[in-house]
Amino acid sequence: MRNRKKNNNWYLYWVTSDGYEDCFVVAPNAQSAKRLEFCTNGFEWSMLRAERVMEVPKRYDKITNYLWIRWQREHNPEFAKTSNIHQGAYYAENWLLERLGAKWRIIDKKKQMLLLDKVYAHNEYGESYTYVIGARYLAENSNSKINFDYNNYSMFENGIEEILYEMMGMATKDCHEIEYFFSNSFIFAVSENQKKKYNTINDFINGWSKKTLGNLISSIEESFYIKEEWKICIKGFIEMRNQFIHGLTTKERYNINDEWGRRELISFLAIFLDYCEPVKAIAESCLIASLHFANNKLINK
């Protein structure tokens with residue numbers, strides 16, 4: 001066992017094993033972090049993975065070394081008698097995680113921990129899982145729809161709220177445009193199933209434009225053959241659109257008045273904007289087809 005040398009850095013690692021005993025370990029390198037779990041809990045070496053989370057500042061050395069030695073004296077007195085013992089790799093306790101920036105919450109009756117925009121949690125069976133949110137989600141899942149300028153997570157982190165509000169504006173704009181395109185795509189109203197409800201072209205246009213988005217999509221699917229991938233895409237869009245429009249920011253998970261909630265909201269919006277892109281292209285094409293149909297087939301009637 002050895003303490004860090006003057007120029008050696010120690011790091012916080014997330015060590016995974018069987019999915020139930022995954023834990024945080026402080027160690028000088030990944031091998032040392034894995035070795036602690038290997039020796040303590042007897043996991044096979046091939047099962048262990050150590051992901052570096054962040055550097056642990058040197059100012060915490062003194063207190064962690066003291067706590068480690070005190071634990072050894074209580075649980076391993078023979079070893080504690082060894083002169084000049086120094087701390088080796090150790091399991092990170094909550095006090096240290098909190099000082100490193102960790103936050104905890106209960107959501108859906110389950111405890112979660114957030115550190116550097118990564119959520120650590122357990123499912124109903126006790127198996128651990130992680131997912132990224134906020135600036136880290138955008139940094140690791142960038143797409144053509146989100147063109148914010150960033151070079152690394154720490155720089156991107158500083159403008160997180162400004163990014164959130166810009167994304168909300170983009171999502172609102174996409175929702176409005178998609179609904180406008182579909183509601184004015186009256187060509188769908190002249191299908192066999194729909195035209196029985198209308199007598200004139202104006203009836204088609206007025207009746208179709210008054211439908212809600214859900215009814216518009218239902219009417220299209222009722223009258224036309226729709227490819228399965230389009231159905232999946234539009235279903236995902238409508239479900240997320242309804243959540244976004246009808247009070248998403250007041251939900252506990254996405255509470256816009258809470259820092260954690262705002263970061264969850266960013267990853268939700270990033271996924272939603274991915275859905276919006278192809279749906280908007282399809283909706284716009286439907287409007288263009290309607291105008292083309294009117295100009296070429298209906299203009300003289």
Side-chain angles (χ1 to χ4, degrees), residues 108 131 133 137-138 141-147 166-254 256 264-301:
D108 298 329
Y131 62 94
I133 60 175
Y137 181 90
L138 296 182
N141 298 274
S142 60
N143 57 71
S144 59
K145 188 67 177 171
I146 303 169
N147 297 313
E166 187 164 350
M167 291 178 73
M168 291 181 69
M170 293 164 63
T172 302
K173 171 179 172 291
D174 281 354
C175 286
H176 291 169
E177 289 184 343
I178 288 169
E179 192 148 359
Y180 172 82
F181 290 146
F182 274 131
S183 64
N184 286 278
S185 298
F186 61 87
I187 191 171
F188 292 115
V190 298
S191 69
E192 288 299 321
N193 288 344
Q194 292 295 313
K195 69 181 182 181
K196 299 172 185 177
K197 305 174 183 178
Y198 310 109
N199 295 315
T200 68
I201 297 302
N202 281 337
D203 288 342
F204 286 158
I205 296 172
N206 292 333
W208 193 253
S209 64
K210 291 177 181 178
K211 289 179 178 287
T212 64
L213 180 61
N215 286 335
L216 287 172
I217 301 304
S218 295
S219 296
I220 294 171
E221 292 182 339
E222 168 189 298
S223 304
F224 295 86
Y225 168 75
I226 307 297
K227 288 185 176 181
E228 192 62 31
E229 57 266 30
W230 190 86
K231 286 184 179 181
I232 294 171
C233 184
I234 196 67
K235 180 181 178 182
F237 164 76
I238 290 177
E239 287 180 353
M240 297 189 78
R241 176 259 184 200
N242 288 341
Q243 290 183 66
F244 175 60
I245 296 298
H246 299 298
L248 178 71
T249 60
T250 64
K251 305 297 183 184
E252 185 179 10
R253 180 176 294 277
Y254 303 104
I256 200 170
E264 292 268 8
L265 186 55
I266 279 181
S267 48
F268 175 95
L269 290 170
I271 296 170
F272 179 59
L273 288 170
D274 279 346
Y275 273 112
C276 287
E277 193 69 16
V279 173
K280 185 164 68 171
I282 292 169
E284 187 173 11
S285 297
C286 293
L287 177 59
I288 292 171
S290 295
L291 297 175
H292 180 80
F293 177 77
N295 288 329
N296 288 277
K297 302 295 183 181
L298 305 179
I299 197 72
N300 296 324
K301 298 183 181 180

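Residues take their numbers from the sequence shown, with the count starting at 1. Just so it is clear, the model here is predicted, and its values are computed rather than measured.
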[X] vs [Y] side-chain heavy atoms within contact, under 4.5 Å:
X      : Y      : result
Phe237 : Ile282 : no
Glu277 : Leu273 : no
Tyr180 : His176 : no
Asp174 : Phe272 : no
Phe181 : Cys286 : no
Ser290 : Asn184 : no
Arg253 : Asp108 : yes

Which distance, rounded to the nearest 0.5 Å, do you find between the [atom1] of [X] and the [atom2] of [Y]?
X      : Y      : atom1 : atom2 : value
Ile266 : Met168 : CD1   : CE    : 10.5 Å
Met167 : Ser267 : CE    : OG    : 8.5 Å
Leu213 : Leu216 : CG    : CG    : 6.0 Å
Ile133 : Leu265 : CD1   : CG    : 10.5 Å

Fit a plane to each ring of Phe182 and Trp230, take the angle between them on a 0 to 90° scale, and name the class: parallel (under 30°), tilted (30 to 60°) or perpendicular (over 60°).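 Phe182 and Trp230: perpendicular rings.
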Might you work through the side-chain contact (heavy atoms from CB on, under 4.5 Å) test for Tyr131 and Glu264, ending with a clear yes or no? CA-CA 10 Å; Tyr131 62 94; Glu264 292 268 8; 2.7 Å; yes
Can you check side-chain contact (heavy atoms from CB on, under 4.5 Å) on Lys280 and Lys173, steps first, answer last? CA-CA 11 Å; Lys280 185 164 68 171; Lys173 171 179 172 291; 3.9 Å; yes
Heavy-atom count around Lys231 NZ within 6.0 Å, excluding the residue itself: above 12?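 Enclosed.
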Distance-only donor-acceptor check, side chains Asn215 and Thr212, under 3.5 Å: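 Indeed, the side chains of Asn215 and Thr212 share at least one donor-acceptor pair under 3.5 Å.
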Any donor and acceptor pair, going by atom type alone, linking the side chain of Ser185 with main-chain N or O of Leu287 inside 3.5 Å?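 At least one qualifying donor-acceptor pair exists.
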Just grab all the side-chain hydrogen bond (donor to acceptor under 3.5 Å, both in side chains) pairs involving residues 233-250, residues at least two apart or on different chains. Glu179-Arg241
Let me see the working for Tyr137 and Ile271 under side-chain contact (heavy atoms from CB on, under 4.5 Å), right down to the final yes or no. CA-CA 10 Å; Tyr137 181 90; Ile271 296 170; 3.2 Å; yes
Nearest heavy-atom approach of Ile232 to Tyr275 is O-CE2, 4.4 Å
Where do Ala281 and Ser285 come nearest, in terms of heavy atoms and distance? O-OG, 2.9 Å
Does the side-chain contact (heavy atoms from CB on, under 4.5 Å) test come out yes or no for Leu269 and Met170, once each step is laid out? CA-CA 9 Å; Leu269 290 170; Met170 293 164 63; over 6 Å; no
Not counting sequence neighbours, which residues clear salt bridge (Lys or Arg N to Asp or Glu O under 4.0 Å) with Glu284? List them please.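 For Glu284 there are no salt bridge (Lys or Arg N to Asp or Glu O under 4.0 Å) partners, ignoring immediate neighbours.
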